[in-house]
Amino acid sequence: VKFKGFLTTTCAIVFGALVLAGTLFGHNADGTLSLLGELQQLILNVAVILAGFAVLVGILNLLLVHLKKVRLKQKGAGYSIILIVTLVATFLLGLLAHYIPMAASLFSDTFQFIQLPVEKSLMALLAVTLAYASMRLLRRNLSLVSVIFLVTALLIMAGMAPWPFLGDEPFLSGVIRPWMTRIPVVAGARGILLGVALGTLTTGLRILFGSDRPYGGKDG
Amino acid sequence: VTGILQGLVGLGIILLVAAIMVGMAALQRKSPASFRMIPAFTRLRSAAGRIVEGGTRLHVSLGHGMLTSPQSGASLAGLTLLGRLAELTSAGDQPPIATSGDAALAILSQDALQAGSQASVPGKYDPTTGRLTGLTPFSYAAGALPAILDENVSTNVLIGNFGPEVALLAEAAERKNSLSVAASDNITAQAVLFASAPEPLIGEELFAAGAYIEAGPLHAASLRVQDILRWLIIIITLVGALLKMGGFL
């Protein structure tokens, strides 16, 4: 177990350092890829292939989770049966699509007429959820920041679409909304993104130090 | 030549940050720093204790940030928090569960859960507790909903890269009267979580999780380094603005 931990940590540090070096010194003066750049590309390509295999493992895990639900007759087991049947059917259609044109058409129809409408419905549900959450915000957390958040959201929404019976409100759509989206919103967003970038930098460094080991190297 | 110069500047910044971090970690061991109180982490720590006592379950949702993308930072911060929370709650009757929208992240979450369970009861680990629930943002959210609603979850931690679909998860947690601590690196998701989650974490607070749940001295050192760098950026921005106003730039 200790050797496994040592091996995974060493791999993570070495490959992390190589990818970082490739990012910093990946190009020669004439714009072509340097040796470090080529090495970085190679490592990233291998990572993409591994990620592809990880999807297969993940889907197998999804299947196991739902088979367990059906076996133990847990709540929602009926939905799990539907998931398993559709998963197997889509997988088979995907395999057959390379050989049978009708299967290829069915395969693309599955996404166009089932997956997309279901995701669009969830998006519509999201709009209602957000409207409801905004209404509850003041009740749950009455503070100056919450009031500013809601007033800003309302002003930007009011400036985005024409008002019923009134049409465009030029002061909101031409002055307030552009000013808000150009100055305070951009300033706030940049501040937050700078903080996120600094956090990402220190997280990356902890992994390069071998201090954070989210890859099974903990016992080493 | 410009590219190499930029690379050297980048390397210099990284080495400087690394040196400050190591120095701060050594300082942290001698005199531990105290950080401002973030209510979400205080509630999360007490919730972890209640999970063990109450026989309920912890759910950590890690989002769908791919590890080969720039969003991996948020996912890795989520994995660190998952590992620590798994250790804290593994003595309970019901093991914690982790849901994610990226396959590699799901595999790593299984590793974190396994390490957490081995810390208390070796051999107790259940591989179905680390799950891939969907590969698109909405299918991921739809797949994670049953975990929140049907699996006796009392605390939800939504941490990682999400889009607006995270509101569906926060809303489900609210309906079950369970605590939800939520953080994302995505600006849209942060706005959505501010409205829908009772304990949202804003901006870099996402990366502070490790320091607040005592995941190690380097986490606390990271926070101090982030503060130093933030002040440096503020000074550079102000000096730059003044120079621009004075016509020197």
Side-chain angles (χ1 to χ4, degrees), chain A residues 20 23-29 44 47-48 50-51 54-59 61-62 64-65 68 74-76 79 115 118-119 122-123 125-126 129-130 132-134 137 140-141 149 189 191-196 198-209 211-212 214-216 218-219, chain B residues 1 3-4 7 10-11 14 17-18 21 66-68 73-74 76-77 79-80 83 103-104 106-108 111-112 115 127-128 130-133 135-136 138-139 141-142 146 150 164-165 167-168 170-171 185 187 190 192 194-196 198 202-204 206-207 216 218-219 222 225-226 229-230 233:
Chain A
L20 179 65
T23 307
L24 294 173
F25 305 106
H27 290 90
N28 293 318
L44 288 179
V48 169
L50 287 176
V55 172
L56 280 179
V57 176
I59 288 171
N61 167 265
L62 182 72
L64 285 177
V65 168
K68 186 181 167 189
Q74 287 175 347
K75 195 176 172 189
Y79 296 118
Q115 175 95 9
V118 168
E119 295 215 354
L122 277 173
M123 205 176 269
L125 185 67
L126 182 65
T129 305
L130 280 178
Y132 182 55
S134 306
L137 176 64
R140 192 179 56 223
N141 179 20
F149 177 84
I192 288 174
L193 287 176
L194 276 173
V196 169
L198 293 178
T200 307
L201 173 66
T202 52
T203 304
L205 279 174
R206 282 200 307 271
I207 290 184
L208 279 181
F209 286 153
S211 156
D212 278 14
Y215 39 76
K218 199 149 194 158
D219 298 319
Chain B
V1 178
I4 293 171
L11 183 66
I14 289 166
V17 173
M21 220 159 125
M66 287 174 70
L67 291 174
T68 48
L76 292 168
L79 281 169
T80 302
I107 292 173
L108 290 181
D111 262 352
T128 60
R131 303 169 190 170
L132 172 73
T133 57
L135 290 169
T136 63
F138 278 100
S139 65
D150 301 335
E165 74 285 346
L168 296 171
E171 170 64 21
D185 60 339
I187 294 277
Q190 285 187 32
V192 162
F194 186 79
S196 56
I202 305 297
E204 71 277 10
L206 156 74
F207 298 96
L218 261 180
H219 285 268
S222 299
V225 172
Q226 283 175 51
L229 292 176
R230 198 174 300 115
I233 289 172

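None of the values given here were measured: they were computed from a predicted structure. Within every chain, numbering begins at 1; the chains are lettered A, B, ... in the order of the sequence lines, protein sequences first and strands thereafter.
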Notebook entry, point to check: Looking at A:H27, A:Q74, A:M123, which makes the most heavy-atom pairs under 4.5 Å with chain B?
Noted result: A:M123
Next item on the list: Output the option from B:V225, B:T68, B:L11 having the highest count of non-hydrogen pairs under 4.5 Å with chain A.
Entry: B:L11
Check: Which atoms of B:S196 come close to chain A, meaning under 4.5 Å heavy atom to heavy atom: side chain ones, backbone ones, both, or neither?
Finding: both
Check: Roughly how far, to the nearest 0.5 Å, is the CG atom of B:D185 from the OG1 atom of A:T200?
Finding: 6.5 Å
Notebook entry, point to check: Pick from A:L193, A:V118, A:L44, A:L56: which one has the most heavy-atom pairs with chain B under 4.5 Å?
Noted result: A:L193
Check: Does any N or O in the side chain of A:R140 come within less than 3.5 Å of the main-chain N or O of B:A195, such that one atom is a donor and the other an acceptor?
Finding: yes
Note to self: So for A:L126, is it side chain, backbone, both, or neither that comes closer than 4.5 Å to the heavy atoms of chain B?
What the structure shows: both
Next item on the list: Rounded to the nearest 0.5 Å, what's the gap from OG1 on A:T203 to CG on B:L206? Could you check?
Entry: 7.5 Å
Checklist line | Part of B:L218 lying under 4.5 Å from any heavy atom of chain A | finding: both
Margin query: Quick one, B:R131 and A:L62 - any side-chain contact, counting heavy atoms below 4.5 Å?
Written below: no
Note to self: Quick check: do A:L208 and B:I14 have side-chain heavy atoms less than 4.5 Å from each other?
What the structure shows: no
Notebook entry, point to check: Among B:G73, B:A18, B:A104, which residue forms the greatest number of heavy-atom pairs with chain A at distances under 4.5 Å?
Noted result: B:A18
Margin query: If you count heavy-atom pairs within less than 4.5 Å of chain A, which of B:H219, B:E171, B:Q190 leads?
Written below: B:H219
Next item on the list: For each of A:G76, A:G26, A:G199, A:G195, tally heavy-atom pairs with chain B at distances under 4.5 Å, and name the one with the top tally.
Entry: A:G199
Check: So which part of B:P164 gets closer than 4.5 Å to some heavy atom of chain A, the side chain, the backbone, both or neither?
Finding: both
Notebook entry, point to check: Between A:K68 and chain B, which part of the residue has a heavy atom less than 4.5 Å away: side chain, backbone, both or neither?
Noted result: side chain
Notebook entry, point to check: Is chain A contacted by the side chain of B:P127, its backbone, both, or neither, given a heavy-atom distance below 4.5 Å?
Noted result: backbone
Margin query: Taking every non-hydrogen pair under 4.5 Å, which of A:V55, A:I192, A:V196 racks up the most with chain B?
Written below: A:V196
Notebook entry, point to check: How long is the span from the CG atom in A:L198 to the CZ atom in B:R230, to the nearest 0.5 Å?
Noted result: 6.5 Å
Notebook entry, point to check: Side chain, backbone, both or neither: which part of A:Q115 has a heavy atom under 4.5 Å from chain B?
Noted result: side chain
Next item on the list: Sort B:I107 into side chain, backbone, both or neither according to what part of it lies under 4.5 angstrom from a heavy atom of chain A.
Entry: side chain
Notebook entry, point to check: Hey, which of A:Y79, A:F209, A:Y132 has the most heavy atom pairs under 4.5 Å with chain B?
Noted result: A:F209
Check: Between B:F194 and B:I202, which heavy-atom pair has the shortest distance, and what is it?
Finding: CD1-CD1, 4.1 Å
Notebook entry, point to check: Out of B:G216, B:A141, B:P198, which one racks up the most heavy-atom pairs below 4.5 Å with chain A?
Noted result: B:P198
Checklist line | Part of A:L130 within contact of chain B (heavy atom distance under 4.5 Å) | finding: side chain
Item checked: Best-contacting candidate, B:A77, B:A142, B:A106, B:S139, against chain A by heavy atom pairs under 4.5 angstrom -> B:S139
Note to self: Evaluate A:T202 against B:M21 for side-chain contact (heavy atoms from CB on, under 4.5 Å), listing each step before the verdict.
What the structure shows: CA-CA 8 Å; A:T202 52; B:M21 220 159 125; 4.1 Å; yes
Checklist line | Leading residue by heavy atom contact count with chain A [cutoff under 4.5 Å; candidates B:I187, B:L67, B:T133] | finding: B:I187
Note to self: So which residue, A:I207, A:D212, A:L64, ends up with the most heavy-atom pairs under 4.5 Å with chain B?
What the structure shows: A:D212
